[in-house]
Colleague: 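Below is the structure I would like to discuss, written out as structure tokens.
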Amino acid sequence: LDYPAPKHRPWQQPAPLPACSRTRSPGHTRDILPFLHLRILRNRPAMDLSSLSRDASAASRTDPRTPWLVAGGLLLLCIMIATCWQTADRLTWFLETFPVMVVVPLLVATHRRYPLTTMLYALIFVHALVLIHGGLYTYAKAPLGFFMEHWLGTSRNPYDKVGHFFQGLVPALAAREILVRARYGLGPRMLAFLCVCIVMAVSACYELVEWGVAEASGQAADAFLGTQGDPWDTQSDMAFALIGGLCAMLFLRRDRKSVV
């Protein structure tokens, strides 16, 4: 039997196939391609994010320096407790060791995600000891400062200059590590210049804090200031911080990717 050809009705045209099913394969193959594609996506194994996090934490725990860092932190804690018990002026001790109370917990919280170089950890430890020693005896009466006064022939106890030298040395190295890891593409000269600028900003802020404490507490802050009658004590403190930052950029910078 001859059936009449269907009339052309544009409104009954089938919907276009998806892009993934447009193929030159004849017959019904092009009609089952979307189903095959969905089947493949359904059977694909999902990424195990928990295993990745476990691997990252395991890699952070394999740092061979971890026992030494823990030992150094515990040693600083014991020294802090002992000096707080033995000091005669707890207000001055608190003001001088306050940076240690802030920096050490911050390093503990970030040592896995953002580990520093071994050299910087060691210098931070020494800087903490310098601050604790000054807080125990006050800078004007530090025994190590009296030895330096006799050896150098100075007219005053210069121990506070040691603290300000480390105030420039350690922040300069820390700023350099942060800027290098951030990959800002800075040249070596611009990088050193910015690190020294950061050191001077930190030193100026510290001097402003000393001024604020002196205005708030009056005579009680004399031991914290440690000027010892020197009218240019603030300027000399910032100068020694500058010297520390310059020494860090000239002698202690290390271009290395490893943190060990």
Side-chain angles (χ1 to χ4, degrees), residues 80 83 87-103 120 123-176 179 189-253:
M80 290 277 290
T83 54
T87 185
D89 189 352
R90 284 194 171 86
L91 175 61
T92 302
W93 177 89
F94 175 79
L95 294 174
E96 298 292 356
T97 60
F98 182 74
V100 182
M101 302 177 189
V102 174
V103 173
L120 184 54
L123 289 175
I124 291 174
F125 181 81
V126 176
H127 191 193
L129 294 181
V130 171
L131 294 176
I132 295 173
H133 183 77
L136 175 61
Y137 298 103
T138 72
Y139 281 108
K141 301 178 182 179
L144 183 58
F146 287 128
F147 172 77
M148 296 174 60
E149 179 182 0
H150 176 74
W151 183 55
L152 298 174
T154 59
S155 58
R156 64 188 294 276
N157 191 324
Y159 185 77
D160 60 332
K161 308 308 175 188
V162 177
H164 285 280
F165 176 82
F166 275 94
Q167 189 186 71
L169 183 75
V170 175
L173 294 175
R176 188 178 187 278
L179 292 177
R189 295 181 180 179
M190 180 56 67
L191 180 62
F193 173 74
L194 290 179
C195 291
V196 173
C197 289
I198 292 173
V199 164
M200 297 307 298
V202 171
S203 180
C205 291
Y206 191 81
E207 296 299 330
L208 291 176
V209 170
E210 287 186 345
W211 173 57
V213 171
E215 289 291 336
S217 58
Q219 295 294 328
D222 289 344
F224 173 60
L225 295 177
T227 58
Q228 303 179 54
D230 184 5
W232 304 104
D233 181 73
T234 300
Q235 290 78 7
S236 61
D237 289 346
M238 297 181 65
F240 272 88
L242 175 61
I243 294 173
L246 292 176
C247 290
M249 294 297 100
L250 292 175
F251 305 114
L252 296 180
R253 63 180 185 179

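The basis for the numbers below is simple: all heavy atoms, side chains too, and nothing from hydrogens, waters or symmetry mates. Since the model is a prediction, treat every value here as computed from it, not as a measurement.
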Colleague: Within a radius of less than 6.0 Å around CE of Met101, do more than 12 heavy atoms belonging to other residues, nucleotides or ligands occur?
Modeller: yes
Colleague: Over 60° means perpendicular and under 30° means parallel, so tell me whether His127 and Phe166 are parallel, tilted or perpendicular.
Modeller: parallel
Colleague: On a heavy-atom basis, which atom in Ile198 and which in Ala175 lie closest, and how many Å separate them?
Modeller: CD1-CB, 3.7 Å
Colleague: Can you tell me how far the CG atom of Leu169 sits from the CE atom of Met249, to the nearest 0.5 Å?
Modeller: 8.5 Å
Colleague: I need the Gln235 CD to Met238 CE distance, nearest 0.5 Å.
Modeller: 8.0 Å
Colleague: Identify, with sequence neighbours excluded, every residue that meets ring pair (Phe, Tyr, Trp, His ring centres under 6.0 Å) alongside Phe125.
Modeller: none
Colleague: With Thr154, which residues qualify under side chain to side chain donor-acceptor pair (under 3.5 Å), at least two apart?
Modeller: none
Colleague: Taking only residues two or more places apart in sequence or in another chain, which ones pass side chain to side chain donor-acceptor pair (under 3.5 Å) with Thr83?
Modeller: Trp93
Colleague: As an exercise, state the distance from CG of Leu208 to CH2 of Trp211, rounded to the nearest 0.5 Å.
Modeller: 7.0 Å
Colleague: Would His150 and Phe146 count as a close aromatic pair, with their ring centres under 6.0 Å?
Modeller: no
Colleague: Checking side-chain contact (heavy atoms from CB on, under 4.5 Å) for the pair Arg176/Leu191: CA distance, chi angles, key distance, verdict?
Modeller: CA-CA 7 Å; Arg176 188 178 187 278; Leu191 180 62; 3.9 Å; yes
Colleague: Whether the side chain of Asp160 engages the backbone of Asp237 through a donor-acceptor N/O pair (distance < 3.5 Å, no angle test) should be reported.
Modeller: no
Colleague: Hey, is the main chain of Val130 close enough, under 3.5 Å, to the side chain of Tyr159 for a donor-acceptor pair?
Modeller: yes
Colleague: Looking only at heavy atoms, which two atoms of Met148 and Pro158 are closest? And how far apart?
Modeller: CB-CG, 3.9 Å
Colleague: Looking at Asp233 and Arg156, is any side-chain nitrogen of the basic one under 4.0 Å from a carboxylate oxygen of the acidic one?
Modeller: yes
Colleague: To the nearest 0.5 Å, what is the distance between CG on Leu131 and CG on Leu95?
Modeller: 12.0 Å
Colleague: One pair to check against side-chain contact (heavy atoms from CB on, under 4.5 Å): Leu123 and Leu252. What are the steps and the verdict?
Modeller: CA-CA 11 Å; Leu123 289 175; Leu252 296 180; 4.1 Å; yes
Colleague: Considering non-hydrogen atoms only, spot the tightest contact between Ala172 and Ala248 and give its length.
Modeller: CB-CB, 3.9 Å
Colleague: Check the pair Ile243, Phe165 against side-chain contact (heavy atoms from CB on, under 4.5 Å), reporting the backbone distance first and the verdict last.
Modeller: CA-CA 7 Å; Ile243 294 173; Phe165 176 82; 4.0 Å; yes
Colleague: Using 0.5 Å steps for rounding, measure from the CD1 atom of Ile124 to the CG atom of Leu129.
Modeller: 12.0 Å
Colleague: Mind listing the closest non-hydrogen atom pair of Ala174 and Leu120 along with its distance?
Modeller: CA-CD2, 3.8 Å
Colleague: Closest heavy-atom contact between Leu179 and Cys195?
Modeller: CD1-SG, 4.2 Å
Colleague: Considering all heavy atoms of both residues, which atom of Thr138 and which atom of Thr92 are nearest to each other, and what is their separation?
Modeller: CG2-CG2, 3.9 Å
Colleague: Could you grab the distance from atom CZ of Phe251 to atom CG of Leu246, nearest 0.5 Å is fine?
Modeller: 9.5 Å
